[in-house]
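Throughout, protein chains are lettered first and strands after them, A, B, ... in sequence-line order, and every chain is numbered starting at 1.
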Amino acid sequence: MKSHAVVSGVGITPATSPRRQPLSKNELCRQAVDIALDHAGCPRDAIDAVIIGDIAGFEASCVATKTIAPSLGLPPLTAVVPISTGGTSGGQLPNQAATLVQAGFAQRVLCVAPNTFDGPVDLQAVINTNSPMVMEQPLGMGAVHMGAFFPAAYQQRYKVSDADLLALSEKNRRNADHNPFAHVTSALPDALAERLISTPLRLGMVCPVSSGAIAMVISAEEAVQDDSPNPLVRISGHGSISDGYLGGKRRDFSTFEVVEILARRVYEQAGIREPRRDFDVCELFTPYAPMEYMLMEAFQLCGYGTAPALFHAGATQVDGDIPVNVSGGTQCTNPGLAGQIAPVAHIALQLMGQSPAQQVAGAQRGLAHSTGGTFFQFHTATVMERVGS
Amino acid sequence: MTPPVAALSEPPLSQQPREDVYVVGRAWIDVDDHDDRQLDELIFDACSQALRDAGVRRHQIGFSVTSSLDLYDGRSISNALTAPAAAGYLNDELRVEGDASSSVVLAMAHLISGHADMAIVTAINVPEAGSTAEPAVRQLREHVSSYTFDSHMDRPVGMRAAVTLGMHAARRLDSGAVTWDRLVDRTTTDINRGAVSGRGRRSPVTADDVRSSPMAVAPLPQLMLPAESAGAGAVVLAYGVAARRCPRPLARLTGWGSATGQPPANRTWLDEPAAAAARAASKAYERAGLTDPSTVAGLEMTDLSPALSDELQGALQLAHLPDQAVNVSGGVRANHPGIASGLLRLVDAVERVSDGATGGPLVVHGVDDLMGLVSGTANVFVLEAS
């Protein structure tokens with residue numbers, strides 16, 4: 001049976017730092033799955049397939065999916081699919097689950113996004129192995145440097161000040177104050193937040209290394225519409241895109257060019273004509289705070305170079321006309337795979353009217369995004385709408 | 001207390017309309033020590049060949065999915081390097097860390113759901129081991145396999161893929177379910193078939209060669225283990241009219257099914273290592289409307305050990321097939337390119353079907369072997385002439 005795909009359950013565990021995490025990866029994932037299945041009102045034996053993400057090259061084991069899946073308590077022989085696309089792995093999980101449902105391959109798919117960063121002793125050194133080993137690693141290029149390229153170019157092109165960037169990160173930390181699953185909040189001392197990391201990025205603009213897990217249940221709308229305990233949230237558009245491998249392929253660092261292509265595709269699927277009017281809430285994957293401005297523009301929520309003005313006018317606040325990263329976003333909580341799926345999870349809960357953070361009143365349609373790879377090569381987008389909206 | 005699941009109203013799979021998915025192009029590249037192409041160059045060449053074989057252009061591809069593994073590729077997020085070469089540049093793309101047969105299933109889902117009219121599946125297994133010789137590839141893969149097992153319970157006692165094969169073979173021999181001569185005969189036949197077909201990576205052998213091969217993991221000597229190799233391949237899939245307008249659709253994929261085997265802690269993996277294949281086959285046959293598996297004319301399967309072969313063939317409900325209809329180009333004991341193995345098995349079957357002399361549908365079985373006989377996701381496909 002082919003069907004619309006809907007989010008029918010979400011499970012999020014609280015985030016902390018890996019060294020304070022008392023639970024193993026398997027235990028955390030089991031906890032997230034228990035919460036998601038309970039939220040969906042879905043017994044374990046109704047799950048047809050499980051999609052689990054990891055980043056083998058970043059972790060202390062190979063294909064963690066293999067050891068996580070048996071700990072989830074699912075019936076024997078349940079099909080398991082391991083997905084790994086770097087920083088978009090988490091965003092890919094619900095998108096691929098939706099595809100399986102839309103194709104009629106499954107009625108209920110469980111997505112599991114584990115904590116990715118708990119294993120390595122020096123995570124930054126491990127993450128830096130992601131940059132091209134012949135062209136860019138010899139130059140000392142690491143993840144934060146790649147993250148700095150974009151806001152530096154953005155500042156130069158649009159005359160955006162350091163204060164504009166700092167204010168954005170402060171907004172997200174204030175939002176995180178209301179999110180019980182957030183890791184970094186406004187409790188972060190100013191002296192730490194303002195420490196320069198890689199121009200123009202300061203510590204308060206850079207995501208923490210977090211530990212936590214998220215699970216989601218993606219179901220066929222017809223299969224759950226009569227007895228779902230929650231309002232259903234339809235995945236009405238989704239997709240991914242890859243840029244070239246080397247940084248030089250980006251052409252223009254002041255924008256995420258390929259996101260504009262991706263946006264056009266998923267907006268066409270979902271019938272989005274005027275993004276700023278059509279979306280009620282957005283969660284954009286921003287491990288570096290200034291990306292929020294640039295992604296808002298690439299997703300056509302505003303014109304190029306105008307996002308800071310929109311922000312200062314209050315439009316992206318929870319009570320603004322286009323709230324962005326109401327959860328506090330990736331900047332405040334980044335447990336790897338769980339951080340990547342978090343935008344989808346938070347948008348789904350917003351549209352159900354069950355946000356654990358600040359609820360956007362009357363939210364009916366939302367956008368979630370993830371990105372990763374060297375120089376943000378990969379992006380995913382997921383458009384969701386409350387069924388019946 | 002969770003509420004009961006809503007009763008599903010859809011008809012059984014066998015009564016639903018058959019989907020219109022075809023393999024329209026394929027390519028396979030064996031890689032040896034003299035090949036100086038990098039990962040992305042090999043992927044690019046495999047994709048280019050498959051696209052040419054299909055008679056379509058890169059821009060017609062709407063979805064690209066690759067099977068590969070960071071730890072074989074020697075870099076983190078290795079698909080960042082390979083995605084653009086796999087027709088993924090500015091395209092919808094994905095990487096699966098499992099056998100290529102799982103990637104085929106996801107590509108089919110994209111076609112059937114209407115997200116794309118054409119998709120390309122690529123797989124690469126060129127481990128960064130300094131050599132592509134069988135012993136070097138096996139050594140790295142077993143090392144990576146060790147890292148895949150649970151670090152507290154399984155790794156400390158030496159669990160890795162080959163160990164599961166040895167444990168299983170010992171059990172089968174001890175119980176009398178299979179004889180040593182049968183294992184030798186099957187291995188000899190497979191390797192020699194591969195040598196004749198041109199697909200194999202091992203030289204022809206005699207039964208005595210197999211018997212006297214150095215012990216790998218008791219009771220299995222090296223020649224009974226899969227012929228670990230390096231290679232890359234691609235298949236182009238297409239849906240409906242888009243497929244039928246290709247110059248030469250090669251085969252129609254009429255059935256598919258997936259299931260994942262038991263983990264190490266559940267000892268049923270040792271008693272029923274083919275249980276996932278049996279589950280996957282049931283789904284595939286139901287989708288294909290294949291009510292009588294005796295009409296199947298051939299099988300390409302990933303029987304990781306000769307001690308598993310008969311058991312797996314039975315689980316696939318294909319025990320009736322004579323040896324010469326199974327793994328005609330030698331199967332895994334002739335050429336086993338790890339995570340790409342399922343794609344090679346599919347390519348072998350597609351070539352047989354497209355030759356038009358099979359006399360019935362073919363079945364393809366792929367499974368990821370990172371943990372040997374445990375926790376592997378098995379996929380089964382039914383292929384028919386286009």
Side-chain angles (χ1 to χ4, degrees), chain A residues 1-2 37-38 41-43 46 49 54-58 60-63 65-67 69-70 76-86 92 96 99-100 102-105 107 126-127 129-130 132-133 222-224 226-227 229 239-245 258 261 265 372-374 377-378, chain B residues 2-6 8-10 16 40 64 69-71 75-81 83-84 88-98 102 105-106 108-115 144-145 147-151 258-266 268 275-276 279-280 370-371 375 377:
Chain A
M1 180 176 70
K2 296 177 187 176
L37 291 173
D38 188 54
C42 177
D54 64 34
I55 310 178
F58 283 8
S61 62
C62 175
V63 189
T65 297
K66 296 284 188 186
T67 40
L77 307 181
T78 302
V80 179
V81 183
I83 280 179
S84 181
T85 58
Q92 288 276 15
Q96 298 309 321
T99 303
L100 291 175
Q102 291 162 344
F105 286 23
Q107 293 282 300
V126 173
I127 288 180
T129 64
N130 169 235
M133 60 178 68
E222 284 86 342
V224 297
D226 293 335
D227 62 354
S240 68
I241 196 164
S242 170
D243 205 331
Y245 181 47
V258 297
I261 301 173
R265 289 180 187 155
T374 175
Q377 173 182 354
F378 300 120
Chain B
T2 53
V5 182
L8 303 183
S9 57
E10 81 271 27
Q16 293 179 32
D40 53 338
S64 166
L69 194 63
D70 284 357
L71 272 66
R75 63 192 75 209
S76 59
I77 317 182
S78 63
N79 59 303
L81 174 66
Y89 177 61
L90 302 185
N91 218 344
D92 199 1
E93 56 70 41
L94 182 69
R95 190 263 292 266
V96 173
E97 283 181 315
S102 290
V105 171
L106 285 167
M108 293 179 73
H110 276 257
L111 297 178
I112 292 169
S113 64
H115 285 289
V144 171
S145 175
Y147 283 135
T148 315
F149 280 89
D150 176 83
S151 57
S258 304
T260 296
Q262 296 287 14
N266 186 329
T268 57
R279 169 79 67 89
L370 201 51
M371 296 173 76
S375 298
T377 295

If you compare all heavy atoms of [X] against all heavy atoms of [Y], which two are closest, and at what distance to 0.1 Å?
X	Y	value
Gln92(A)	Glu93(B)	NE2-O, 2.9 Å
Arg95(B)	Thr85(A)	N-CG2, 3.4 Å
Ala83(B)	Phe378(A)	CB-CE2, 3.9 Å

Test item: [X] side-chain N/O and [Y] main-chain N/O as donor-acceptor pair under 3.5 Å:
X	Y	value
Thr67(A)	Asp150(B)	no
Ser242(A)	Pro84(B)	no
Gln377(A)	Ala80(B)	yes
Thr377(B)	Val80(A)	yes

Heavy-atom pairs under 4.5 Å with chain A are the metric here; pick the option from Leu69(B), Val96(B), Asn79(B), Val144(B) that has the most. Asn79(B)
Chain A contacts, top residue of Ser64(B), Gly88(B), Gly98(B) (heavy-atom pairs, under 4.5 Å): Gly88(B)
Counting heavy-atom pairs under 4.5 Å to chain B, which of [options] comes out on top?
options	answer
Val63(A), Ile55(A), Thr129(A)	Val63(A)
Gly373(A), Ser84(A), Ala56(A), Ala79(A)	Ser84(A)
Pro76(A), Ala49(A), Cys62(A), Pro132(A)	Cys62(A)

Can you measure from [atom1] ([X]) to [atom2] ([Y]) and round to the nearest 0.5 angstrom?
X	Y	atom1	atom2	result
Glu97(B)	Thr65(A)	CD	OG1	6.5 Å
Gln96(A)	Leu94(B)	CD	CG	4.5 Å
Asp92(B)	Ile241(A)	CG	CD1	8.5 Å

Counting only non-hydrogen atoms closer than 4.5 Å, does Thr78(A) touch chain B with its backbone (N, CA, C, O), its side chain (CB onward), both, or neither? backbone
Taking side chain as everything from C-beta outward and backbone as N, CA, C, O, which of these in Leu77(A) sits under 4.5 Å from a heavy atom of chain B? Side chain, backbone, both or neither.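 For Leu77(A), heavy atoms of backbone and side chain both lie under 4.5 Å from chain B.
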Thr99(A) and Ser113(B) side chains, donor-acceptor separation under 3.5 Å: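 Checked: Ser113(B)/Thr99(A) side chains show no N/O donor-acceptor pair below 3.5 Å.
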For Asp40(B) and Tyr245(A), run side-chain contact (heavy atoms from CB on, under 4.5 Å): C-alpha distance rounded to whole Å, both residues' side-chain angles, the deciding distance at 0.1 Å, then the answer. CA-CA 10 Å; Asp40(B) 53 338; Tyr245(A) 181 47; 6.0 Å; no
Sub-4.5 Å side-chain heavy-atom contact between Asp70(B) and Phe58(A):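 No. Closest side-chain heavy atoms not under 4.5 Å.
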Can you find a heavy atom in the side chain of Thr374(A) that is under 4.5 Å from one in the side chain of Ile77(B)? no
Quick one: what part of [X] sits under 4.5 Å from any heavy atom of chain A, side chain, backbone, both or neither?
X	answer
His115(B)	side chain
Ser258(B)	both
Leu111(B)	neither
Leu71(B)	side chain

